[in-house]
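The sequence lines fix the lettering, A, B, ..., with proteins before strands; numbering per chain opens at 1. Since the model is a prediction, treat every value here as computed from it, not as a measurement.
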Amino acid sequence: MFEWQVTARSGKARAGAFTTPHGILKTPVFAPVGTQATVKAITPAQLHELGAQLVLANTYHLHLRPGSELVAEMGGLHQFMQWDGPMLTDSGGFQVFSLAETRRIDEDGVNFKSHIDGSAKRLSPEISIAIQENLGADIIMAFDECADPRNKTYSAEAMKRTHAWAKRCLKVKKREDQALFGIVQGGVFDDLREESARFISSLNFPGNAIGGLSVGETKEEMYRSIEVVNAVLPEDKPRYLMGVGTPEDLIEGVLRGVDIFDCVLPTRLARHNSAMTLQGRLNLMNAVYAKDPAPIDPDCRCYTCTHFSRAYLRHLINAREMLSATLLSIHNLHTLLQLARDLRAAIQQGNLEDFAAAALEKFSLPQPSEAKQ
RNA sequence: GGACGGUUACCCAAGUGGCCAACGGGGACUGACUGUAAAUCAGUUAGCAGAAGCUUUCGGAGGUUCGAAUCCUUCACCGUCCA
């Protein structure tokens, strides 16, 4: 179980397979995010149709509601939400960052105010692992602290806590059918990143994650940090870049040796009326699309693009019909899932360099909306 | 025929002498979004500039006043009630 096999390489990029109790992840892979045990606006059947391999859920949110014991009682996360493929739960570490105004951190853990009812809640490495064992995802994450990436003093403190917490997570983890991944922190500081990558590598997790990126730093800082970390992280373990994201970042990440990605962006942008394409984003509520019979992306083979016009999607958005969120989520997820598949194929066929160069070139071309006019 | 009430920007609607280019809502338009407190948030919505500023607006016309969406006269239209 949790065997990691690299099947092809191209520069630093790898194509691989990670075996989990609910199936094999063929990497590079993009994971849709289903924070509250649902990928918003998308059914599990649609996820299958899209070819999604791995789905995320969140420890903090499910702990607050409905509670991990309830999920366990209902047969675990897979059974509860009816997703039978591989799942990953985030540890709640990101919420330490995103709910910054309502929490207090100490060496042992974090006190939160619930964003739902304001009640006092606590997360620690031990609590997070206990929750994640109740939830029952295939991959679970170490409880970490994601800091302001530009603040070195804070990044160093958060990194040290993350390291101490990683050891405690390993210590209390019991279930054999779950793989615990460690998380590298260190902000945008190369020395911290390197130190963190060394430490996390030394704990010999079955997989390693890069956390604390795509949270306000520049692209250059992010890409450099990935390079610094991946130079240290072991080759014989999958690498997971947390919270990333855009098509460009997927390509840049794969080129630097990342295997797993997740991001809320495709589904959030979909609910916010934005379509992701490999040429850039379309804001489908824009008036220019009112009478546009073309699909979002004429080259896209997703359900949305093979059936519906931009004009129709704009109408749904304008009329505040919820189908717009579903159709756009299908398209955006397809864009990233297909890109990951294409990257994998390119690595296996040995033409990743050309594929990546051609794809990255497209992002500098005029946006589809501009090109039309 | 008479008595009241009303007419404000794309729509609804506040404002009853200067702090009004005019509250608020809707609509429309635009932007943002990267391990989801996000079906959210922000901006624009008379014209020209697009910082400051200038020009034309509150049913029409005329008047009072240093100054009017706000007061007066008159006309038009809408509503309610009485004949």
Selection from B:G31, B:A28, B:U34 that lies nearest to any side-chain heavy atom of A:N286: B:G31
Answer yes or no: does a side-chain N or O of A:R281 lie under 4.0 Å from OP1 or OP2 of B:G31? no
Would you say the ring centroid of A:Y60 lies under 6.0 angstrom from that of A:F112? yes
When rounded to whole Å, the CZ to C1' distance for the pair A:R65 and B:A37 reads 10 Å
Give A:E101 one of three labels, base, sugar-phosphate or nothing, depending on what nucleic acid heavy atoms sit under 4.0 Å from its own. base
Calculate the interatomic distance between A:N283 atom CG and B:G43 atom C1'; express it in whole Å. 14 Å
Between C1' of B:U34 and CD1 of A:I251, the distance in whole Å: 15 Å
Of the listed nucleotides B:A39, B:A28, B:G31, the one nearest the side chain of A:R320: B:A28
Partner of B:C48 under the Watson-Crick or G-U wobble criteria, both distances under 3.5 Å, comes out as B:G53
Looking at the rings of A:F308 and A:Y303, which for Trp means the six-membered one, are their centres under 6.0 Å apart? yes
Provide the closest heavy-atom pair for A:L333 versus A:F30 in the form atom of the first, atom of the second, distance. CD2-CE2, 4.2 Å
If you assign each of A:N318 and A:Y240 to its closest nucleotide in RNA chain B, which residue comes earlier from the 5' end? A:N318
May I ask you to say what A:Q95 touches in the nucleic acid, namely base, sugar-phosphate or nothing, with a heavy-atom cut-off under 4.0 Å? sugar-phosphate
Output the single nucleotide from B:U30, B:A39, B:A37 whose closest atom is nearest the side chain of A:A287. B:U30
Is there a side-chain contact between A:V29 and A:F18 in this structure, where contact means two heavy atoms from C-beta onward sitting under 4.5 Å apart? no
For A:L241, which contact category applies under a 4.0 Å heavy-atom criterion: base, sugar-phosphate, or nothing? nothing
For the side chain of A:K219, counting heavy atoms from C-beta on, which of B:A37, B:A39, B:U34 is nearest? B:U34
Specify the separation, in whole Å, of atom CG of A:D117 and atom C1' of B:A37. 12 Å
Write down the distance between CZ (A:R268) and C1' (B:A32), rounded to a whole number of angstrom. 11 Å
Any-strand Watson-Crick or G-U partner of B:C23, both distances under 3.5 Å: none
Integer angstrom distance from the P of B:G26 to that of B:C41: 12 Å
Whole-Å P distance, B:G2 and B:G47: 43 Å
Need one value for A:K113: base, sugar-phosphate or nothing, where a base atom within 4.0 Å counts as base even if backbone is also close, heavy atoms only. nothing
Reckon A:S324 touches a base, only the sugar-phosphate, or nothing at all at heavy-atom distances under 4.0 Å? nothing
Pick base, sugar-phosphate or nothing for A:N58, based on heavy-atom distances below 4.0 Å to the nucleic acid. sugar-phosphate
Separation of A:M285 atom CE from B:G31 atom P, in whole Å? 7 Å
Choose from B:C33, B:U36, B:G27 the nucleotide whose nearest atom is closest to any side-chain atom of A:F94. B:U36
Pair assignment for B:U40, Watson-Crick or G-U wobble, requiring both distances under 3.5 Å: B:A32
C1' atom, B:A32 versus B:G6: distance in rounded Å? 44 Å
Does the aromatic ring of A:H272 sit over the six-membered base ring of B:U40, closer than 5.5 Å centre to centre and tilted less than 30°? yes
Under a 3.5 Å limit for both distances, which nucleotide forms a Watson-Crick or G-U wobble pair with B:C81, could you say? B:G2
Between B:C29, B:U36, B:A37, which nucleotide has the shortest distance from any of its atoms to the side chain of A:L99? B:A37
Counting only Watson-Crick pairs (N1-N3 plus N6-O4 or O6-N4) and G-U wobbles (N1-O2, O6-N3), all under 3.5 Å, who is the partner of B:U7? B:A76
A:N208 side chain reached by A:P234 side chain, heavy atoms, under 4.5 Å: yes
Taking atom C1' of B:C33 as reference, at what distance in whole Å does atom CE of A:M276 sit? 10 Å
Output yes when at least one side-chain N/O atom of A:T102 is less than 4.0 Å from OP1 or OP2 of B:A37, else no. no
A:W4 and A:T19, any side-chain heavy atoms less than 4.5 Å apart: no
Same hydrophobic cluster for A:L282 and A:I330, using side-chain heavy-atom links shorter than 4.5 Å among ILVMFWY? yes
Only one of A:H48, A:H22, A:H78 passes ring-ring contact (aromatic ring centres under 6.0 Å, His included) with A:W83; say which it is. A:H48
So if I take every side-chain heavy atom of A:D90 and compare against B:A28, B:A38, B:U36, which nucleotide ends up nearest? B:U36
Can you tell me, in whole Å, how much space there is between the C1' of B:G63 and that of B:G27? 39 Å
Can you check the distance between B:U57 and B:A61, where both ends of the measurement are the P atom (answer in whole Å)? 9 Å
Contact class for A:E321 vs. all strands (heavy atom < 4.0 Å): base, sugar-phosphate, or nothing? nothing
Taking only N and O in the side chain of A:S214, is any of them less than 4.0 Å away from OP1 or OP2 of B:U34? no
Using the C1' atom in both, what is the distance from B:G59 to B:G5, to the nearest Å? 16 Å
Any base atoms under 4.0 Å from A:D144, or only sugar-phosphate, or nothing? Heavy atoms, all strands. base
Side-chain atoms of A:T267 come closest, of B:G31, B:U36, B:C29, to B:U36
For B:U70, the Watson-Crick or wobble partner whose two distances fall under 3.5 Å: none
Can you check the distance between B:U16 and B:U70, where both ends of the measurement are the P atom (answer in whole Å)? 12 Å
Taking the P atom in each of B:A68 and B:U56, what is the distance between them to the nearest angstrom? 13 Å
Base, sugar-phosphate, or nothing: which does A:L269 touch, judged by heavy atoms less than 4.0 Å apart? base
Under-4.0 Å salt bridge between A:R175 and A:D177: yes
A:R271 has a side chain; which of B:U34, B:A39, B:A37 sits nearest to it? B:A39
Once you apply a heavy-atom cut-off of 4.0 Å, does A:G34 come out as touching a base, just sugar-phosphate, or nothing? nothing
Atom pair distance, as rounded to whole Å: CG in A:L64 and C1' in B:A37: 10 Å
